[in-house]
Structures are given as C-alpha cells and as structure tokens.
Amino acid sequence: MSATLATILKDLQPHWDMTILERLDRAGLESSNAWNNAGTGHAALCELNYAPQAADGSVSAQKALNINEQFHVTRQLWSTLVENGVLKEPSGFINPVPHISMVFGEDHADYLRTRYDSFKQNKLFERMEFSVDRDKIADWAPLTMHGRGAGRVAATFAPEGTDVDFGALTNQLIDYVAGQGATVRYGQQVTTLNRQSDGSWLVKVEDLLNSDNNRSIHAKFVFLGAGGGALHLLQRSGIKEAKGFGGFPVSGLFLRNTDPAVTSQHNAKVYGQASVGAPPMSVPHLDTRYVNGQKAVMFGPYGGFKPNFLKHGSFLDLPKSVRAHNLYPMTRAGLANLDLVKYLLSELTKTRSQRMDALHEYYPTAEAGQWDLIEAGQRVQVMKKDPQKGGVLQFGTELVTSADGSIGALLGASPGASTAVPIMLNMLSRCFPAKMSEWEPRLKELIPAYGEKLNDNPQLADEIIGHTSEVLGIR
C-alpha cells in the first residue's frame, strides 16, 4: 500500500519531499512477502466468500464484480508502469495462473452452478466455465482428481487468473521512488505522532540500527501503511476518527511443495469453501506460486491465533491496543464471533496427520514427506463500532482519514494488495480533494479507464483488458 501510494504521488507531485520509513531491514517482508500470503491477485474469480448464497437461494455477483473492477484498475497502473520502465520484466511479479472454485456434494454443486449463472451474465466474468465432468475438471487441475473417490464434484474455471508476488512488486516500486529522490530508511520505528498547531505532524522516529540517529520529521501529510502495525500508529495520532477501532489478529500456516514432479502437474489456484466459523482468509486453497522464478504449490491456510499484530511483532500487541473507546466494540464483536474463536482453537491443536487430511480433500494422493510447513503472515481484522450491534468484526479493509486530510491509515486485510491502487486513489480524493481536478488528466494517462466501469462498457473492457494482458504477459 505504501509503495503504491508513494509511486502515484511521486508521479503526480515529483517535487514534493517524501520519506518512507520501514521497521525491518527491507521492504515487503511482512504481509506483502510472497510466502506470507496467497498471492492470488484477488479478482474475485474463485473466492466463494465474496458471493454467498442468500436465504432465498440466490447468489449476487455484485461484491465480486466490484472487486474485479478494482483489480483491473490496479492492472492498468502496473501496465503503464511497465511501459514506462518503472517496473521491469512482468514475470518477476505476475504470472498467468487460472482461478478455480471447487466444491463437493450435491448442495454445494447446486450453489456453485447458481453462482456461475449469476456471474456469467457479466462482461468481466464472460470467460468463466462451469463443469461437473470429472475429466474436464482433471484437465483444469489434474492433482485434484488423482485418486479421488466417489461423490459429486463441481468446479468453475477462470482462465484469466493470475499469481502475484507482492513482495517483489513492492521492492521494485520502492526502488523506483528512491531513484526519483524519495528518502527510504530501513530499521526505523515510529514512536510518536504529534499534530502541530498548523495541522502538520511531528513524527518521532527511533533508529533501531543506531540510537544516535534517532530523529524527528516534520510532515504536512502522513500515511500509515504499516499492515498490522497501522492500528497502533493510528491510535498514537489521537485523531477522533480512530476512536472505536480495534483489531483481531489471525495467524496461519501453509503446506508447501517445491518438487517439480508435483508442481509441473498443477497450474491453478483452487479455492474451496471455508469451514463453519472460519474467517474468509482461511478458505482452503491449493495454489500455484511463482517466487524468485521458482514454481511451488501451497495448501492452506491452517488458521491460528497469536496476539501479535505483525509476524515480527510482540505478543503484547493485542492487549496494548485496547483503549477505553474500543473496549466495548471489541467485546461485542468478540461475543458475536465465538464460533471463530472455537475454530481457531481447533486449528491450533491439529496434528500433521490432520493437516494432511485437509490437503487430501483437494489433492487425494498427496504424500506427506513432500510438504514443508511454513508460517504465513499475520492478518489483523478490523473491529469497530456498530450502531445496532455495538461492535462488529469486519473482514475487509478500512480506510481511516482525519477530517483535515493530513493523515490516513489503512486497516484490515482481504482483498488487500490486489486492490491497492483504487484504495490509494480513494485516499487521495479524501486527503487532497482540492488537487484531484488538477491531477485527473495525469491519472487518466496512468489508468486509461480511470473513472469508468469496464463491466458497463464491453468495448472498453476488451480494449483495456487486452492491452494490460499483452503488456503484463498474462494473455
């Protein structure tokens, strides 16, 4: 998020002074790291939680459609940056990997068919296919059919899916803005944020590598794009808009296989349905990943709970985030999500054999000895005030900005990085409203369909999607 914002702002206002502070020794080591997320390139093509079935049996494609539109905005900026030489060889951060939804049993198959019928009516989902034919599904994802027993299987196939290494992308963007004059400092911990009488901010920074270099930075605008660490920084700002927000951390584990004999047989992201009480980010998926030019297959996540907000954080992160203003909302949200707590506790006690059982549902002949267990990144779900319920646990992202636009922060997780560009454009409109008309011509050069809905304009959709696919090498 921070790298995306820095890139856009540096293009729009090349002479503005910009400083990027990173707590670790390089960028993209937390949530953006390739092994800490699924790298789905969230386009809502396969994530079933974006289109749940209503009580009357219907399925709406609207939320998925909104996310897909946002991902195409992100793709447009990436494409322009590749053409301008800002981003290097696209295969270093994005690769074509079809997205598949797969379900088991009659009721789930009927749901998936209803979802497909709803999605297929939209231009952006016109290439999606549905099948209950095992041979067809085996063509799409061979490993999922190896040795599978009796029972109905249904799947949808979206050929335009992608795999994204957001860590590699982040570092390319950071390197670019540094080359354009931005100051990038690593090993830096922001300790306090004090608003000044003129509305600007005094940011105090501890140098974790050299205490003699502790400093204060005077800034007219501050963005808190610290992933799970953003909540603590937002609370330190003291802005009234931060009142009532809390966070609930969810950790996870993945099984990873890099054996070419296995990875060569799987080129897809296969998403299933979440267990009862499981958070959306715990939807089981069998993923093809490309990291540093190497192909891997991952399965998970297996949910868990640790009170730290960052993978490299402190166990005191959660208790230190509790304030008088968010205690009630967090309590109410917690009471309303006891099934989630039960789910996470059950996940923590799973043995390796039980984890393999979960994998065997999607890859029946998987051999335990070929899989390594790796720790995923932390996800801090938003907890906030709600007029009716007192407090809710939100599984999306939340943009928090001050009334004067001098500070902004991003909380939450899914769909996250894939929609970074539209989220940051939204933040610019909230924090720099007087500049938007001035910036609009350049934004339309960076994002050719800026302000347009591709699904409502089939001709424009073909033109834009065809162009970004060509430039990014994901035809």
Side-chain angles (χ1 to χ4, degrees), residues 38 40 42-72 99-132 137 151-158 161 248 250 269-285 303 332-333 335-343 361 379 381-398 412-416 418-419 422 453-456:
T40 308
H42 277 284
L45 297 168
C46 58
E47 303 92 337
L48 300 178
N49 53 289
Y50 292 143
Q53 192 163 29
D56 63 0
S58 64
V59 176
S60 172
Q62 192 56 54
K63 182 175 181 180
L65 191 60
N66 290 341
I67 292 171
N68 192 272
E69 289 273 11
Q70 292 180 66
F71 184 53
H72 280 296
H99 288 190
I100 295 173
S101 300
M102 181 175 290
V103 298
F104 313 104
E106 296 293 335
D107 290 344
H108 295 317
D110 291 343
Y111 153 72
L112 192 63
R113 177 72 202 210
T114 302
R115 175 184 179 271
Y116 166 76
D117 290 339
S118 175
F119 276 43
K120 189 71 172 177
Q121 301 172 35
N122 295 280
K123 172 66 179 178
L124 294 184
F125 299 129
E126 67 179 358
R127 299 182 67 196
M128 185 176 288
E129 300 178 51
F130 171 86
S131 183
V132 293
I137 297 172
R152 194 177 189 196
V153 181
T156 57
F157 176 83
F248 184 80
V250 177
K269 291 182 181 292
V270 181
Y271 271 56
Q273 289 180 303
S275 305
V276 176
M281 67 180 62
S282 293
V283 170
H285 43 93
R332 294 295 300 173
L335 291 173
N337 288 275
L338 292 177
D339 55 347
L340 170 59
V341 176
K342 180 180 178 181
Y343 162 79
E361 188 172 7
R379 299 291 183 268
Q381 304 303 139
V382 176
M383 305 173 88
K384 65 177 185 177
K385 293 183 292 187
D386 181 85
Q388 282 76 43
K389 300 178 180 178
V392 293
L393 181 65
Q394 177 177 298
F395 291 107
T397 50
E398 185 83 23
S414 182
S418 302
T419 56
K453 293 290 187 183
L454 298 184
N455 197 62
D456 298 337

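The figures that follow rest on heavy atoms only: side chains count, while hydrogens, waters and symmetry mates do not.
By the salt bridge (Lys or Arg N to Asp or Glu O under 4.0 Å) test, Asp117 pairs with Arg113, sequence neighbours left out.
At least one donor-acceptor pair under 3.5 Å links the side chain of Asp386 to the backbone N or O of Lys389. Under a 3.5 Å cut-off, the side chain of Thr419 and the backbone N or O of Gln70 do not form any donor-acceptor pair. One N or O on the side chain of Glu69 and one on the backbone of Leu454 form a donor-acceptor pair closer than 3.5 Å. The closest donor-acceptor contact from the side chain of Asn122 to the backbone of Leu124 lies at 3.5 Å or more, if one exists at all. Side chain of Asn68 to backbone of Ala64: no donor-acceptor contact under 3.5 angstrom is found. Side chain of Gln273 to main chain of Val103: no donor-acceptor pair is present (N/O by atom type, distance under 3.5 Å, no hydrogens or angles).
Of all non-hydrogen atoms in Ala51 and Ser60, the two that sit nearest each other are CB-O, 3.6 Å. Taking all atoms of both residues into account, the shortest heavy-atom contact from Leu48 to Tyr111 is O-OH, 3.4 Å. Across Ser131 and Ile137, no two heavy atoms sit closer than the pair O-CD1, 3.7 Å. Heavy atoms only, all atoms of each residue included: Cys46 and Tyr271 are closest at O-CB, 3.4 Å. Residues Lys120 and Met128 share a closest heavy-atom pair of NZ-O, 2.8 Å. Pairing each heavy atom of Gly390 with each of Arg332, the nearest pair is C-CB, 4.1 Å.
Rounding to the nearest 0.5 Å places CE of Met383 at 13.5 Å from CD of Glu398. One distance of note links CZ of Arg115 with OG of Ser101; it measures 4.0 Å at 0.5 Å rounding. Taking CD of Glu47 as the reference point, atom NE2 of His99 lies at 7.0 Å (rounded to 0.5 Å). Here CG of Asn337 is found 14.0 Å from OH of Tyr343. Values are rounded to the nearest 0.5 Å. Within the model, atoms OH of Tyr50 and CD1 of Ile67 stand 4.5 Å from one another, a figure rounded to the nearest 0.5 Å.
Using a 3.5 Å distance cut-off with no hydrogens or angles, the side chains of Gln62 and Asn66 do pair a donor with an acceptor.
In this structure, Lys123 and Lys453 have side chains that are not in contact, with every pair of non-hydrogen atoms separated by 4.5 Å or more. At a threshold of 4.5 Å between non-hydrogen side-chain atoms, the residues Phe119 and Thr156 do not count as touching. The closest side-chain heavy-atom distance from Asn49 to Phe395 is not below 4.5 Å. Two residues are said to be in side-chain contact when any heavy atoms from C-beta on lie closer than 4.5 Å; Leu65 and Phe125 meet this criterion. Annotation: side chain of Gln394 is in contact with side chain of Lys384 (closest heavy-atom distance under 4.5 Å).
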